[in-house]
Structure formats: C-alpha cells, structure tokens
Amino acid sequence: MTKRASIESTADAYLELLAARGVEYFFANSGTDFAPLIDAYARRLAQGQPVPRPMTIPHETPAVGMAHGYAMVTGRPQVVMVHVIVGAGNAVSGIINAARSNVPILFSAGRNPLTEAGLHGSRNRPIHWAQESFDQGAMIREFVKWDYELRNFTQLETVVDRALALTQAEPQGPVYLTLPREVLAEKHEVFEYTAASRAPRPGAVLAAPETIAEAARLLTAARNPIILTKAAGRDPLAVPALVKLAEALGAPVIDQFHTHMNFPQDHPLHAGFDAAPYFDDADCIVAVESDVLWFPALKAPRPETKIVQIAVDPLFARYPIRGFPADAALSGTVSLNLTALAEAVRQRADVRAVGERTQRWHAEHQRLREAWAAAARKVQNERPLEMVWVSKCVGDLVDENTILVDEYDFDPTQGCFRTPRSYFGSSPAGGLGWGMGAALGAKLAAPDKTVICCVGDGAYIFGAPTAAHFVSRAYNLPVLFVIFNNRAWNAVKRAVRGHAPEGVAARTGQMPISDLEPAPDYELVCRASGGHAERVEDPAALPDALARALKVVRDEKRQALLNVICKKP
Ligand SMILES: Cc1ncc(C[n+]2csc(CCOP(=O)(O)OP(=O)(O)O)c2C)c(N)n1
C-alpha cells in the first residue's frame, strides 16, 4: 500500500518515514546542520503529525549510549544524530562499543552545506568551510556495517529502509547516514512511500545438520566438557536453550568476560566467571558468543582439547586477529543452534556419565557460592569500603524487576541474575563513558523496571555526567547511579603491576597518570540536576543509603546517586 503525505521539505519527509518505520526516539545533539530538521520538527509537532520523539542529549557520549541501551533492552534500533564531523568525532567511541556489542543503531550526522551559494541551505556561517571533510564516512567506516550520504529526495525511502534493514540484520551493528543540509532543505510538497518497508529481512539461520551432528559427536565423546559464554544472552531465547544444552551434557556454564545475563546464576550448573581453573581437566570446550576464549600468553587448554564455537559469526570477521581454533563451528542464530545441539546431545549422551558430572558440578557450584559469600562477609566492616562489599549490598537489591548496567567495579559474584536482559556489562571494546547513557536508554525502554547503573569514578567522568543527569531530569528517567569511587583508574594500575611486577611503579605504588585526586564531590553533580545524592564512607551505612536512594528512584521518580568511598588501590 502506498502512503501519501503533504510535506514541505526532505527533512519533513525523513521524519514522516522514520515514524512510519517505527523509530520511536531521535537522540540528538544539534548544530547548524540541523536547521531544516528542527524547522520540520516544529511544524510537525505543532500539527500533531507523527515523529520519533526528539530528545536533546547535550553530549554525544550519552546520546550514543542511550541508543545502545535502548536497543540492548528491546532489540530495536533508534536514531542518533550529531553535528557534522565534530559531533561524529565525539561519538566514535560509543559507535565502536555498539559495533563490538552487535547493537543496532541508525547513527547519523548532518553534512556541512556543500555549496557556497545558490541553493536553499547553502553556506552562511564561517564554520561551513572548515567543517567539510573529504570523506565524512571515513572517520567511522571501519566500525559501521554501511555508510552512505543521502544524495537527494528521490532515494529517501530506499536509503532509510536499507539502513534500518542492515543495522538489524545479523551480525547486528550500527550504520551511518550523513545528511547534507541542502538535501534536507529541498522543498517538496508530496511524499509517497510504501506503508511498510519491503527491504529484505533475513530470517533466523540454523547450521547444517551434519555440522550439528559433528559438534554433538565431539561433545558426547568428551568426559569433561565445559561451556563458556560472553554474550549468549544478547538473544534472550538463547538463555533457555543454553540451559537445555548444559543439562543435556551435565556441563558447567562459565560466564567468562560476560557482557550479558547468559545463564541463571542460581542454576546448579553455573560455575562462576573464570574458566581458566577448569582448562586442565576439560577435554571439550564449547564457546558461545565468546570473542575471547582464553589468553594464549597466560593459560590455555591442553592442545588436544576439542573446541566448539557457536556464534552468529564464529570467525568474528571484523576482528583483525583472533586465532582461537574450532573443531566444529556453528554459525547462525544462537538460540536455534543451541536448541538443535542440545537435542542431538540428548539423543546420544551416556545418561550415567551425565548424571555423575551433574553431581560433581553441583558441588562445585555450591563451593563457589559459599566462597563468594565468605569473601563479602570477610570485608563487610572495612573502611574505606571494599568493592566486593559494595557489590554484595547492590546485588542484594536485584530482583526480577531490576536491570543492572555495569561499567566497572560491580563484582558479578555478588549478584544473582536469573532472567534474560537483566544484566549488561561494558562492550568488549571498553570505550569508557557507555554506562550512564546505556542505563538511561534502558530506563527509557523499560520504564517499569528499576535501573541501577554501577560506574567507577573514572567511568563516571567519561560518561559526561552533567549531560547524563540533565537527561535523567529532563525526560523523567530515574536511575540509581552507584559510583565505586577509588579515586583512581585501577584498571591502569593493574596493567602496570601485571606488566612489571618488580618495577618501581609496582613496588612503590607511585604511578603517574592513574590517580583521580583530588576527587570531586560527585554527589553535587547529581544534585545540580535535582537528584538525591549521598556520600557513603561507612560500610554499615551502605544498605540503608541504598534503600533510601532506591525509594527516591521508585516512589519519587527522581534520579539518585551514591558516591561510595572505596579502598584506593
Ligand atoms: C575512552 C577510553 N579511554 C581510556 C580507556 C582506558 N581505561 C580502561 S579502564 C580505565 C579506568 C577506569 O576507571 P574506573 O571507572 O574508576 O574503574 P577502576 O579502573 O578504578 O576500577 C581506563 C582509563 C578506555 N577504556 N576508554
């Protein structure tokens, strides 16, 4: 069916089309390139015409983070638009995060007016000469699946539908569309378009039966198979499928370097977060959506150990180097492949061996849980606070209605995540500044959920906190932010200690370029945007402070922040 809309410009048609295609939000950080769009927005809003909701995000880092957070919770891409090359520059780190996390986003930037005169929208500011680049896509091309400049009104529908289809096709990832000001400003009166996109939407993909059979053969021949996963839970259906596979095998699941809730943490086959201690005994390792299986320089499995890799793309083709082997590789839709493999294993498995292994791993699960509980108990009175105790207090608050976004320092041993899409960790690319925006995007996507955002003090600063707190207040997105404040970049310090354990820096603790002192009163930053905020220095006071903050978030619908003073490394 064809739709016909009265419009005034290409910008007007663009907004009409985005709304028609189900885009709900337009996370924007604007500049002179936005003039035709803002004009079209004003007209459409005044006339009650459909538009993606425009949201002013006063820094690109949380703008991209919000689109990332929204998509990771819903699976649906939204639009981010930034100001020409300079806005794109600020956004690149977030786009790298989205690319490596396989998150769909329609990322866009205005393109400086191309013409010096002669067209509506031609140059009229001094920046219009310096803000043109030879190849605007180049800055980010390596980290998007597709980039294109909208050349004219006629191709608008094809371009937008192609962008949205490509970002959502597996492996998912951001796409980049640049929008020259003259093209947006072109005058048009009528926009005709197809009511629903007919761009190809590739369906789910199952590996060939013989590949599944080979993987099942390797697994059922093994005496001690183990499973590790980083991001199986990106596909929520993969979580129950992974449970089926683990149970069919009697094999443990290790959430190694995990970025998602992948496997219920209270399942007796959950075996923690570090697979290395189990490598010596493992004779078959299944890696599910895991980019890094081990560190070859530190600890690898035995050479004869069989490896099965299961992922949308088991080659991680966009990584320049990745040498992890596979004796069988299942590409395609992870939930389908896990389900098929679980069934194939179930048919072949030696029931007695599965039963014995299950018992053994149940005991290991119990041992781990007791050790984790003891680790938190041991430091519960330490002042400054130990991060494991902070994590235990935060973890105790997690219920079925909570989403936790962690960008540094939440210790996953202290939580118990049971449902898909309830836990999200930083992208494997680790571009700092993701957490606050992602938490706000998650809250926008799931307004009925309690969203808790754990951040290191370093990560907090990278998150453009004045912008993030502004957004929380402006758009009623109450999130609880917990800063694990150790007044340092501990990740950097750890790297120095690992690199030169006997060096001067490690021996003396004097490490330039890794301290964050004098530390600001971070609570004031949140209060400046109307939030409730407290500084916590007493470990015994933390549970009550968390309860007060959560009450503000849930009942008053206001953001809250706890600046928790932790031990300095
Ligand atoms: C954009 C960006 N810049 C720098 C880094 C390098 N880096 C990784 S972790 C880290 C420190 C994070 O500090 P904080 O959030 O306080 O956590 P902590 O390391 O203290 O646990 C830095 C600087 C990065 N990952 N991303």
Side-chain angles (χ1 to χ4, degrees), residues 1-28 30 34 36-45 47-55 57 63-64 66-82 95 98 102-111 144-180 183-184 186 188 190-204 441 444-445:
M1 194 181 77
T2 302
K3 275 193 156 185
R4 199 181 150 85
S6 318
I7 51 154
E8 290 189 352
S9 64
T10 311
D12 203 347
Y14 181 53
L15 297 178
E16 165 87 20
L17 187 59
L18 290 177
R21 296 301 186 245
V23 174
E24 293 153 286
Y25 295 101
F26 193 92
F27 302 108
S30 61
F34 277 57
L37 257 172
I38 292 175
D39 189 45
Y41 250 122
R43 192 181 76 77
R44 295 183 68 84
L45 287 167
Q47 296 179 357
Q49 288 167 329
V51 287
R53 182 177 173 198
M55 298 184 76
I57 317 297
V64 178
M66 286 182 78
H68 187 139
Y70 192 93
M72 75 192 183
V73 170
T74 61
R76 296 198 299 273
Q78 305 300 313
V79 167
V80 176
M81 182 161 171
V82 299
I95 293 298
N102 296 118
V103 164
I105 296 176
L106 172 43
F107 177 61
S108 59
R111 179 120 160 58
V144 293
K145 293 176 67 180
W146 168 92
D147 71 281
Y148 195 72
E149 175 184 304
L150 181 69
R151 309 277 161 73
N152 54 56
F153 173 74
T154 312
Q155 64 174 174
L156 180 67
E157 183 181 358
T158 310
V159 167
V160 168
D161 284 347
R162 183 158 172 73
L164 288 171
L166 276 163
T167 193
Q168 290 175 88
E170 293 287 2
Q172 295 186 330
V175 295
Y176 184 35
L177 176 62
T178 54
L179 302 158
V183 178
L184 287 178
E186 268 174 35
H188 296 279
V190 176
F191 177 43
E192 282 190 0
Y193 63 98
T194 321
S197 169
R198 294 195 64 207
R201 300 279 167 128
L444 189 64

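- In terms of heavy atoms, A71 sits closest to V103 at CB-CG1, 3.7 Å.
- Put simply, CG on L37 and OH on Y14 are 7.5 Å apart, with the number rounded to the nearest 0.5 Å.
- Interatomic distance, CE of M81 versus CZ of F107, reported as 10.0 Å (0.5 Å rounding).
- Taking the side chain as every heavy atom from C-beta outward, E157 and S197 never approach each other to under 4.5 Å.
- The distance from the CG atom of D161 to the OH atom of Y193 is 10.5 Å, given to the nearest 0.5 Å.
- Shown here for D12 and I7, the closest heavy-atom pair between the two residues is OD2-CA, 3.4 Å.
- Using bins of under 30°, 30° to 60° and over 60° for the plane-to-plane angle, the ring pair H188/F153 lands in the parallel bin.
- Side-chain atoms of K145 come within 3.5 Å of backbone atoms of P171 as a donor-acceptor pair (strictly under, hydrogens ignored).
- Counting only distance, with no hydrogens or angles, the side chain of T2 and the backbone of A195 share no donor-acceptor pair below 3.5 Å.
- Within 6.0 Å of CZ on R162 lie no more than 12 heavy atoms contributed by other residues, nucleotides or ligands.
- Listed here is the closest heavy atom pair of S9 and A40: OG-CB, 4.3 Å.
- Atom-to-atom distance recorded for L184:CG and I38:CD1 is 11.0 Å, nearest 0.5 angstrom.
- Two residues are said to be in side-chain contact when any heavy atoms from C-beta on lie closer than 4.5 Å; Q49 and R43 meet this criterion.
- Formation of a donor-acceptor pair under 3.5 Å by the T167 side chain with backbone atoms of G173 is found in this model.
- Among all heavy-atom pairs drawn from N152 and E186, the shortest one is CA-OE2, 4.3 Å.
- Of all heavy-atom pairs between S108 and V79, the closest is OG-CG1, 4.0 Å.
- Heavy-atom neighbours of R198 CZ from other residues, nucleotides or ligands within 6.0 Å: at or below the threshold of 12.
- When atom types are taken as modelled, the side chain of Q78 and the backbone of Y25 share a donor-acceptor pair closer than 3.5 angstrom.
- When side chains are defined from C-beta on, I95 does not count as touching Y176, because their heavy atoms never get closer than 4.5 Å.
- Considering every non-hydrogen atom in both Y41 and P52, the closest pair reads OH-O, 2.6 Å.
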**Request:** For the pair E24 and L444, evaluate side-chain contact (heavy atoms from CB on, under 4.5 Å) and give the outcome as yes or no after the intermediate values.
**Result:** CA-CA 11 Å; E24 293 153 286; L444 189 64; over 6 Å; no
**Item:** Stepwise side-chain contact (heavy atoms from CB on, under 4.5 Å) check, L150 with Q155
**Value:** CA-CA 8 Å; L150 181 69; Q155 64 174 174; 4.0 Å; yes
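- A donor-acceptor contact shorter than 3.5 Å is absent between the side chain of D39 and the backbone of A42.
- Residues K3 and E16 are not paired through a salt bridge, judged by the lack of any N-O separation under 4.0 Å between the basic side chain and the carboxylate.
- Note: R21 CZ to T194 OG1 = 6.0 Å, rounded to the nearest 0.5 Å.
- Separation of atoms OG (S30) and CD1 (I57) is listed at 11.0 Å; rounding is to 0.5 Å.
- Between the side chain of R76 and the backbone N or O of V23, no donor-acceptor pair lies under 3.5 Å.
- At a threshold of 4.5 Å between non-hydrogen side-chain atoms, the residues D147 and T178 do not count as touching.
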